[in-house]
Amino acid sequence: MLVNNKRLYRLNQAPLAAGPILYWMSREQRVRDNWGLLHAREMAGQEHALVVVFCLAPAFLGATLRQYDFMLSGLAQVEGDLAALGIPFVLLQGDPGQEIPRLAAELGAGGVVTDFDPLRVKQGWQGAAAHALPVSFIEVDGHNVVPARQVSPKQEYAARTIRPKIHRLIGEYLEEFPPLEPQVAPAPPCAATARAAHWGEVRAGLAVDGAVGPVSLVPGEDAAHDALDRFVADRLHVYAGQRNDPNADGTSRLSAYFHFGQLAPQRAALAAAASGRGEGQAAYLEELVVRRELADNFCLHNPQYDSLAGAPAWALKTLGEHRADPRAHCYTRETFEQARTGSRLWNAAQNELRQTGFMHGYMRMFWAKKILEWSATPEEAHATALALNDRYQLDGRDPNGYVGILWSLAGLHDRPWQTRPVFGSVRFMNENGCRRKFDVDKYIERWGGS
Ligand code: FO1
């Protein structure tokens, strides 16, 4: 077996039949380093064809043109790279829970493979497809180095509880990826595989909010690999010291590529592990593997991951006790969105987000905590932070984002700290703390916080 069978999970009990294999690409939008695609290719073997499909869902969790544009450019590259290996790519539009079984029937598919994803919407699509498919339907975890279903059967409390579990298993999973074999079996003759995707038309037909436009980050698998190479060569050695300085450009800036699956976190882990960059390497692997996989663990085991109700009981209690505390300011979502609060630093962070689709990790914490401090209720703060995150971040609607917001606002994976107004015992952060860490005025000047 090319792929460790502990990465696999059966989504139905139907048998494998003779016929083409369909790989339903969703979270892992890449040709290289993709365990799901490798497994589907192996299932097809020499005898059967492999067909790759992506189903474009209309208005996915409020995504805007910014995110769709980035994703579609990456997918157009996927189509070209698969064609070079003789593997057909089909782009569908509509409800994936219905469209995937329909295509599988049209192809006479013998089995279907898809990506692990802990989000409810994906599990809903997969559940509907599992019900409708008369053939074997298998999920492959191509996102986590240690598969999320293997690392723990329950919601972990914090990084300190999942870390030893990951470290115990990582040796088994952090292996080099095999190459994807070209395909010799001819594509099954059907209307879907005969038609190339018309990317321009698809883009023009999108019914999404175009007010949040594309950003300058170059999309696609090649750009993602270049960005990883540059990070490892130029910045990994200073990562431990500079990652909390939003002016220093010391972080990896790979999160959008991970979110759209244009780069495998495991590829980044292999590159970091082979770099010999000592301290930077250890700090980066902690963020890349332990923190990232803790986020998948939370979303997999807590269905309220995108609601304040997903927070730990101690945090909900303390926030409730401070619900009526007077707020120094109480801003509307509109004021936050337009970067018109009384804090030049906060406004600068919001401007960075609006202009680039990215906010530095350290500023993400400050940004979210201030939304809690300046909103009428914790629930309103959570809704505002989530809405702005998902609208402007290139990597919005991702387990990392859901967890980051609950960490900042409601103590998730954290512990109680000294009690303060509004926050109760949820960890507090203020501008003075930022001033001790980095040159705040330089950041404000760069991002025009007024
Ligand atoms: N995944 C899909 O399978 N189909 C889509 O149409 C789709 C749209 C989309 C738009 C914005 C965005 O941020 C993500 C989108 N994704 C889509 C899902 C994405 O690849 C991730 O799997 C999840 O958001 C996080 O796990």
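Counting starts at 1 for both ligands and their atoms, in listed order.
For the residue pair Thr161 / Glu156, a side-chain donor-acceptor distance below 3.5 Å is found, with atom types taken as modelled. For the residue pair Ser26 and Asp115, no side-chain donor N or O sits within less than 3.5 Å of a side-chain acceptor on the partner. For the residue pair Glu79 and Trp199, a side-chain donor N or O sits within less than 3.5 Å of a side-chain acceptor on the partner. Looking only at atom types and distance, the side chain of Asn34 has a donor-acceptor partner in the side chain of Tyr23 under 3.5 Å away.
A distance below 6.0 Å separates the ring centres of Phe177 and Trp35.
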What short N/O contacts, under 3.5 Å, does ligand 1 make with the protein, listed by atom pair and distance?
from	atom 1	to	atom 2	distance (Å)
ligand 1	3 (O)	Ser26	OG	2.7
ligand 1	4 (N)	Cys55	O	3.0
ligand 1	6 (O)	Ala57	N	2.7
ligand 1	13 (O)	His259	NE2	2.7
ligand 1	13 (O)	Arg397	NH1	3.1
ligand 1	20 (O)	Ser26	O	3.3
ligand 1	20 (O)	Gln29	NE2	3.2
ligand 1	22 (O)	Asp117	OD2	2.8
ligand 1	22 (O)	Lys122	NZ	2.6
ligand 1	24 (O)	Arg397	O	2.9
ligand 1	26 (O)	Arg27	NE	3.2
ligand 1	26 (O)	Asp117	OD1	3.3
ligand 1	26 (O)	Asp117	OD2	3.0

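Partners of Thr377 under the side-chain hydrogen bond (donor to acceptor under 3.5 Å, both in side chains) rule, at least two apart in sequence or in another chain, do not exist in this structure.
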